[in-house]
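Below, chain A is the first sequence line, B the second, and so on; all start at residue 1.
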Protein chains: 2
Amino acid sequence: MLGSVTDRTRLPTTSYAVLGLLSFRGAMSGYDLKKWSDFSLRFFFWSPATSNIYGELTRLRSLGYVTAREVRQDDLRNKRVFSITKDGRAALERWLRDAPIEPSVLKEHALLRVWLGDSTDPDRLIEVVKEQEQAAQATLAQLEHSIAEARKSERFSYPVLVEEWCERVTKARAEAYAELRAKLEKKART
Amino acid sequence: MLGSVTDRTRLPTTSYAVLGLLSFRGAMSGYDLKKWSDFSLRFFFWSPATSNIYGELTRLRSLGYVTAREVRQDDLRNKRVFSITKDGRAALERWLRDAPIEPSVLKEHALLRVWLGDSTDPDRLIEVVKEQEQAAQATLAQLEHSIAEARKSERFSYPVLVEEWCERVTKARAEAYAELRAKLEKKART
DNA sequence: TAGGACATGTAATCAGTTACATGATTAA
DNA sequence: TTAATCATGTAACTGATTACATGTCCTA
C-alpha cells in the first residue's frame, strides 16, 4: 500500500549487482556478465543463473538504466552488448546510499549433515567434512588468482579489498573444517 | 523426466531441516520449531519463516513423516505438537546418506557495497563495515551462549561441534571486517 | 566427430517471503 | 493500556532456478 508508487523503482538486489558489474566496464554481453560474476560476485555474494541475467538486462533496459548495442563479431554471429547509462549510474548510487543492508547469510549445507550427526554414519560424515575442507582450499586458490589479476588495475582497488576479506574468511572456513574433522575422528575412535 | 517417479519423495532442504529439528526432541509446535531454528540453524544455515514451517509440517504430515497431537495447554488455547515417525526418521537418514551436498553460500550484502566502493561515499562505507563488524560480534555472543547451553546435554554433542565451527568462522568474519575498515580508513585519508 | 566454449533467450516451476487474519495472555 | 509473547495458518506474490530451444565455432 505505502510504497506502491515509490517501489516502482525498487528492484531486487540482482538488478543492482548486474548494474554494478556494468559500472566497471561498459559494453558487455549477458554471456560476459555471467562469466565475470562467476569469478567475482560468486565469492562473497552469489552468481545469478544465465537466464536470470538476461532477464535483468531486459528489465534494466526498459527502465533506461542500460542501453544495448548490436555487435557483429563475425559474419554469422551477433552479440548484444550492454552499457550503463547516466540514469543507471544514478540509480545505482541511490541504491548504494539509501537501501538498507540485509543481514548476511551463511549456508553451509554440509554442516546441516554434521548437526544431524546422530542420524548419520560417522565415516560418511568425516568424508563430507574432508570434501568441504578441500572445496574451501580450491576456492582459496581461485581467490588468490583473482586477487593477483585484480591488483593489476587501479580500477579494481575496491574489489581487491573485498577479495582479501574473502581470502581471510575462506582460510578460516578451511581451518574450521580441518578442526571439525579432527574432532569427528577423535569422536569416532571412542 | 527421469526421476519423475523417484522425485516424488524428494523434498526441499527445509523439509529435512524441520524433520531434523524434530529428530532431537519430539512433541514440538510450529511455534517452538521456529524459535529453536532461530537459535540453532540460523547460525550456519538459515531460519525459515514461520509460515514456511507450518507449510512444511503439513507436507511432512501428509507424507506420514510426522504425527500431530492436540495439546490443551489451558482452557482456551490449543497447541498442536508434532513428532517424527519411524518413516520420518528413515527418510531423514536416507537423505543424510544419499543426497548430494550443495555448495555453500556466503551472502555478504555489505561487501557488495564495498565492491562498488567507487560509486559510494567513503565515510558511509566505513560506517557500513563497522556495523557488520558489530553484527558479527553480536552473533558471536549469541553463539557462545548457545554453546554453553548445548554443552549441558550429551544429546547435543554434534550441534556443539557445529557451533564451535561457527564460532571460529564468525570470529574470522569480525576480524576480516575490522581489517577491511582499517584499510578503508587508510584509503580515505589519502 | 565429439565436446566445449560462445551466445541468447522463453516457459514452467518452485521455494520461500510478506501480508494478512485472528485472538488470548502476560509483563511493563 | 500498550507491547511482547504465545499460537496457527492462508493467500498473494516474487525472485530465482531448471529445462528447453537453437545454432556456430574451435579444438582435441
Side-chain angles (χ1 to χ4, degrees), chain A residues 1-4 7-8 10-18 27-39 41-42 45-62 66 68-82 100 102-103 105 107 109, chain B residues 1-4 7-8 10-18 27-39 41-42 45-62 66 68-82 100 102-103 105 107 109:
Chain A
M1 202 167 272
L2 215 160
S4 63
D7 287 3
R8 204 191 295 274
R10 199 192 165 185
L11 305 172
T13 312
T14 308
S15 303
Y16 296 104
V18 170
M28 297 177 83
S29 67
Y31 189 85
D32 294 332
L33 287 164
K34 170 60 178 164
K35 260 199 316 178
W36 192 27
S37 85
D38 279 347
F39 281 90
L41 293 178
R42 212 207 68 196
F45 197 64
W46 148 79
S47 194
T50 309
S51 61
N52 194 188
I53 287 179
Y54 283 106
E56 290 302 338
L57 248 15
T58 309
R59 188 210 312 246
L60 254 21
R61 206 169 67 143
S62 80
V66 303
R69 187 165 48 89
E70 217 71 25
V71 170
R72 200 162 304 122
Q73 44 173 23
D74 50 49
D75 284 344
L76 291 150
R77 282 191 295 176
N78 266 24
K79 202 181 184 175
R80 175 174 285 177
V81 292
F82 297 85
E102 279 144 84
V105 180
K107 246 188 184 171
H109 291 262
Chain B
M1 199 169 272
L2 215 158
S4 64
D7 287 4
R8 203 191 295 277
R10 198 190 165 188
L11 305 171
T13 312
T14 309
S15 303
Y16 296 105
V18 170
M28 296 177 85
S29 67
Y31 189 85
D32 295 332
L33 286 164
K34 170 60 178 163
K35 260 200 317 178
W36 192 25
S37 84
D38 279 347
F39 281 92
L41 294 178
R42 213 207 68 195
F45 197 65
W46 149 77
S47 193
T50 310
S51 61
N52 194 189
I53 288 179
Y54 283 106
E56 290 303 338
L57 249 15
T58 308
R59 187 209 314 244
L60 255 19
R61 206 169 68 145
S62 80
V66 302
R69 187 164 48 89
E70 216 70 27
V71 170
R72 199 161 305 120
Q73 44 174 24
D74 49 49
D75 285 343
L76 292 151
R77 282 192 296 175
N78 266 25
K79 202 182 185 174
R80 176 175 284 177
V81 292
F82 297 85
E102 279 144 85
V105 180
K107 245 188 184 171
H109 291 264

Starting at atom [atom1] of [X], determine the distance to atom [atom2] of [N], rounded to an integer number of angstrom.
X: B:Ile53; N: D:dA7; atom1: CD1; atom2: P; value: 14 Å
X: B:Lys107; N: C:dG16; atom1: NZ; atom2: P; value: 12 Å
X: A:Arg10; N: D:dC13; atom1: CZ; atom2: C1'; value: 13 Å
X: B:Phe82; N: D:dA7; atom1: CZ; atom2: C1'; value: 12 Å
X: A:Arg61; N: C:dT8; atom1: CZ; atom2: P; value: 12 Å
X: B:Asp32; N: D:dC6; atom1: CG; atom2: P; value: 9 Å
X: A:Glu70; N: C:dT8; atom1: CD; atom2: P; value: 9 Å
X: A:His109; N: C:dA15; atom1: NE2; atom2: P; value: 13 Å

Side chain of [X] - closest among [options]:
X: B:Ser51; options: C:dG16, D:dT18, D:dA11; answer: D:dA11
X: A:Tyr54; options: D:dA7, C:dG16, C:dG9; answer: C:dG9
X: B:Lys79; options: D:dT17, D:dG15, D:dT8; answer: D:dT8

Checklist entry - Taking all non-hydrogen atoms of both residues, which atom of B:Val81 and which atom of B:Ala27 are closest, and how far apart? => result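 Distance-wise, the nearest heavy atoms are CB-C, 3.7 Å.
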
Next on the checklist: To check you understand the geometry: which heavy-atom pair defines the closest contact between B:Ala49 and B:Lys34, and what is its length?
Outcome noted: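 Looking at all heavy atoms of both residues, the closest pair is CA-NZ, 4.4 Å.
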
Item to check | Upstream residue (5' side of DNA chain D) when A:Asn52 and B:Arg80 are each assigned their closest nucleotide | outcome: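 Closer to the 5' end of DNA chain D: B:Arg80.
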
Distance below 4.0 Å between [X] side-chain N/O and [N] OP1 or OP2:
X: B:Trp46; N: C:dA15; answer: no
X: B:Thr14; N: C:dG16; answer: yes
X: B:Lys35; N: D:dT5; answer: no
X: B:Tyr31; N: D:dC6; answer: yes

Next on the checklist: Is there a side chain to side chain contact (heavy atoms under 4.5 Å, CB included) between A:Phe82 and A:Leu60? Walk through the geometry before answering.
Outcome noted: CA-CA 10 Å; A:Phe82 297 85; A:Leu60 254 21; over 6 Å; no

Next on the checklist: Any base atoms under 4.0 Å from B:Ser29, or only sugar-phosphate, or nothing? Heavy atoms, all strands.
Outcome noted: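 Sugar-phosphate, backbone atoms only, no base.
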
Item to check | Sugar-phosphate only, base, or nothing, as touched by B:Lys34 at under 4.0 Å among non-hydrogen atoms | outcome: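 Since no nucleic acid heavy atom lies under 4.0 Å of B:Lys34, the category is nothing.
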
Checklist entry - Could you walk me through whether B:Glu56 and B:Leu33 pass the side chain to side chain contact (heavy atoms under 4.5 Å, CB included) check? => result CA-CA 11 Å; B:Glu56 290 303 338; B:Leu33 286 164; over 6 Å; no

Checklist entry - Between OG of A:Ser62 and CG of A:Leu57, what distance do you get to the nearest 0.5 Å? => result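 A:Ser62 OG to A:Leu57 CG: 11.0 Å, rounded to 0.5 Å.
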
